[in-house]
There are 2 protein chains.
Amino acid sequence: MTQQAAHRRASIADVARVAGVSVGTVSNVLNRPERVLPGTRERVEAAIEELSFVRNGSARQLRAGTITTVGAIVLDIANPFFTDVARGIEERLDRDDFTLMVASSDDDPDREQRYLRLFEEHGVQGVMVVPATNDIEHLLAVRRRGTGVVLLDRPSSDPTISSVAVDDVRGGELAATHLLDQGHTRIAFLNGPHTIRQCADRHDGVVKALVAAGLDPASALLEVTVTSLNAEGGEAAIRGLLESGDQPTAVFCVNDLVALGVLRTLRTEGIAVPTDMAVVGYDDVAFAAELSTPLTSVRQPTHELGARAADLLLSGPDAEAEHVMFQPTLVVRSSSSS
Amino acid sequence: MTQQAAHRRASIADVARVAGVSVGTVSNVLNRPERVLPGTRERVEAAIEELSFVRNGSARQLRAGTITTVGAIVLDIANPFFTDVARGIEERLDRDDFTLMVASSDDDPDREQRYLRLFEEHGVQGVMVVPATNDIEHLLAVRRRGTGVVLLDRPSSDPTISSVAVDDVRGGELAATHLLDQGHTRIAFLNGPHTIRQCADRHDGVVKALVAAGLDPASALLEVTVTSLNAEGGEAAIRGLLESGDQPTAVFCVNDLVALGVLRTLRTEGIAVPTDMAVVGYDDVAFAAELSTPLTSVRQPTHELGARAADLLLSGPDAEAEHVMFQPTLVVRSSSSS
DNA sequence: CCACCGTCATGAAACGGTTCATAATGTAGC
DNA sequence: GCTACATTATGAACCGTTTCATGACGGTGG
């Protein structure tokens, strides 16, 4: 099937032969150069160069066991929230010369499972996961087998598994309370599926705020499930909403990409923001402040989130599990307040 | 150092012992289940379950040689342009059940080298790279050793190495010509370092346009090197520019993130766009159209770029190298034309 | 002159899978 | 009853490293 190049990659034995030494010596040159006589070392290095030898990572790892790589599985690599988190992770990892590989599950439990398995089989030190489902049994299993696991952007329901999250209930509450304060009594929530914990939590926060204001969520809250959590999903959802009668006066979007799609649609439809419709997003991504209608959004400490998660992962498998919970803040801009 | 859990992970031999079969049989259950009697298979599967056995990917790969993973190294994982490209890659890969791992070099040749080595040592089928430097000798070496290489967003200077790119000279030309058409005769270009080929090419395109218009680039073009190619970099660069006298009437930004920083700064400084200063960006990211001043930008076919690159990589090491060049288009919005 | 020691290099045993030639067993045909 | 032939299971060889006990060698001190 895969014949790659004409000849096999050079192995350590080939190098040894060319240099006229044993394989053990080549290995020593590679791993503990100080133990080998300069003359010999040079000969070996010349042979390595000549054969353009590259270590076989699989063999190396099979024997040595250890590796300085960690994995991260996020829901959507195209979402700036997750890439900002990834930057936080990378930064922390750099300090310990660890390497990060990112994969995106696309909210698909099967894909998550596949990447998880891939990472585990290749023996990463640990993996940071934004789970696509509420059930984390499979993650506990990974953990039991000895691979570090840190839940990302999601509080852990299990005391033995570390997590770094932002209080999503509070986030939903902040957004809803703000809209209520602005006089809205009927709020649409363009949310993702409740199988994603963050979405369920934000929903709970919204309900909490409505109840606290003496409203009945059944009538005051109109939740719409967005199929894909990006601008296209937001556009589709708001269009559906506009076509039905009985419209709300405010829309709370589960993230800023969805909000972007909403703003875009409202503009083309000639609906004024915030006068005809108030909009609130989530994540406070870089461009939120610069939109034609600057977007009110719930800000999360993305960078710290990632850095802290990496920190916990590197603290080793024997460290006590920790559950870090950051607090979101609301950044009010003109999309929701005139 | 790494003591992982208390006991070693279960191996295929452990499974064999528990199930009362040979290692060969366990391997067969794993890889060609149809060849083993249902009864035996069940016993093996039970043992796998009991020991929560996970294949050792290193050993597997060491022996089997093949792996269905490809790597991508981009300049900045937080840049929507690259993540959009990554989406395109993923989509194509999904068709062949390949898996993508993304790493970000951060414009740093050393990091690029490190990830390249990591990917190569782990035997990926191939790697897509947005090179951080002009010199691609190290990529040729990787290629020679049998790992597929496709240059991403960058035309190849070597005929044997495939590349998928967008015509950056043309992109720069489009942007500059447009600004000239709008009557500007002194244009600032907030560009990245010329070690990044895309930046050098866009510069050449700008110069080409100026010359075609009968202007002297030495006086008509004011190039400023942006330290980091994001909003913060853009903000810093434009502030530096505003503080110096002798200002241009238009700014062309090497990407939309830089343009975002510029727009933000101009707004806080009370400089009107496009009347006092026209702004053009690059990439036409999702939010470009929705900014307070909708941003004129050079659009690149990100999705196709990624998909095509993946396509070339999967076509195998024996396929003829191809050099795909897409054409950018200019999307004019109000940041540059009143 | 010998015992001892330190420095380098060696070669074989792991690591945990896959693969393949071979053996064991059962079935069918004559 | 014997041969021929599937069908399953076996176990050893192998992949390319690292590691470690062992050996070769020369130099020192007694």
Side-chain angles (χ1 to χ4, degrees), chain A residues 1-2 4 7-45 47-48 51-68 117-118 120-123 145-146, chain B residues 1-2 4 7-45 47-48 51-68 117-118 120-123 145-146:
Chain A
M1 180 93 4
T2 329
Q4 294 287 46
H7 24 241
R8 210 178 70 275
R9 265 156 67 146
S11 79
I12 225 178
D14 299 323
V15 174
R17 195 173 328 108
V18 170
V21 298
S22 73
V23 292
T25 302
V26 177
S27 178
N28 278 335
V29 170
L30 255 26
N31 303 306
R32 317 182 204 58
E34 75 284 357
R35 285 205 197 163
V36 30
L37 221 51
T40 326
R41 193 192 321 169
E42 275 156 30
R43 254 183 315 139
V44 172
E45 277 161 356
I48 289 179
L51 299 173
S52 65
F53 163 78
V54 178
R55 255 202 198 82
N56 181 321
S58 304
R60 171 187 176 69
Q61 198 190 324
L62 171 59
R63 179 62 235 231
T66 184
I67 191 184
T68 57
R117 199 163 195 90
L118 192 76
E120 191 181 1
E121 286 187 351
H122 280 77
R145 290 182 221 116
Chain B
M1 180 96 4
T2 327
Q4 293 287 47
H7 23 244
R8 211 178 71 274
R9 267 155 66 146
S11 80
I12 221 178
D14 299 324
V15 175
R17 195 172 330 109
V18 171
V21 298
S22 73
V23 292
T25 302
V26 177
S27 178
N28 278 336
V29 170
L30 257 24
N31 302 308
R32 320 183 204 54
E34 74 285 357
R35 284 205 198 162
V36 31
L37 222 52
T40 327
R41 190 191 325 166
E42 276 157 28
R43 251 180 320 136
V44 171
E45 276 162 356
I48 288 179
L51 299 173
S52 65
F53 163 78
V54 177
R55 254 202 200 81
N56 181 322
S58 305
R60 171 186 175 71
Q61 197 192 324
L62 170 58
R63 181 63 234 235
T66 182
I67 190 182
T68 57
R117 200 163 195 90
L118 192 76
E120 191 182 3
E121 288 188 351
H122 282 78
R145 290 182 221 116

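Residue numbers start from 1 in every chain, and the chains themselves are labelled A, B, ... in the order their sequence lines are given, proteins ahead of strands.
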Can you find a side chain N or O atom of A:Thr40 that sits less than 4.0 Å from OP1 or OP2 on C:dA9?
yes
What's the separation between atom OG in A:Ser52 and atom CZ in A:Arg9, rounded to the nearest 0.5 Å?
9.5 Å
Roughly, in whole Å, what's the span from CD in B:Gln61 to C1' in C:dT18?
13 Å
Under 4.0 Å from OP1 or OP2 of D:dC15: is there any side-chain N or O of A:Ser11 that close?
no
Rounded to the nearest 0.5 Å, how far apart are CZ of B:Phe53 and CD1 of B:Ile12?
5.0 Å
Specify the separation, in whole Å, of atom CD of A:Glu120 and atom P of C:dG17.
12 Å
5'-most by nearest nucleotide on DNA chain D - B:Gly20 or B:Leu62
B:Gly20
OG1-CG distance between A:Thr68 and B:Leu118, expressed to the nearest 0.5 angstrom
7.5 Å
Map A:Pro38 and B:Ala10 onto DNA chain C by nearest heavy atom, then report which one ends up closer to the 5' terminus.
A:Pro38
Nearest to the side chain of A:Arg60 - C:dT18, D:dT18, C:dT10?
D:dT18
Taken to the nearest whole Å, CZ/A:Arg55 to P/C:dC15 is 21 Å
May I have the distance from A:Arg41 (atom CZ) to C:dA9 (atom C1'), rounded to whole angstrom?
14 Å
Can you find a donor-acceptor pair, distance only, under 3.5 Å between A:Arg63 side chain and D:dT18 base?
yes
Kindly compute the distance separating CG (B:Leu51) from CZ (B:Arg17), expressed to the nearest 0.5 Å.
9.0 Å
Nearest whole angstrom, please: distance from the P of C:dG16 to the CG of B:Leu51.
14 Å
Report for the helix from C:dC1-D:dG30 to C:dC30-D:dG1: angle between first-end and last-end helix axes, five pairs each, rounded to 10 degrees.
50°
When rounded to the nearest 0.5 angstrom, what distance separates CD1 in B:Ile48 from CZ in B:Arg41?
11.5 Å
Within residues 22-37 of chain A, residues whose heavy atoms come under 4.0 Å of DNA chain D:
A:Gly24, A:Ser27, A:Asn31, A:Arg32
Hey, mind stepping through A:Glu120 and A:Arg145 against salt bridge (charged side-chain N to carboxylate O under 4.0 Å, His left out) and telling me if it holds?
CA-CA 9 Å; A:Glu120 191 181 1; A:Arg145 290 182 221 116; 2.7 Å; yes
From A:Glu121 atom CD to B:Asn56 atom CG, the distance as rounded to the nearest 0.5 Å:
8.5 Å
A:Val44 and A:Ala19: which non-hydrogen atoms are nearest, and at how many Å?
CA-CB, 3.9 Å
Which whole-number value in Å describes the distance from A:Ile48 CD1 to D:dT17 P?
10 Å
In whole angstrom, give the distance that lies between atom CZ of B:Arg17 and atom P of D:dT10.
14 Å
Any donor-acceptor N/O pair, B:Asn31 side chain to B:Ser27 backbone, under 3.5 Å
yes
Between D:dC14 atom P and B:Asn56 atom CG, what is the distance in whole Å?
21 Å
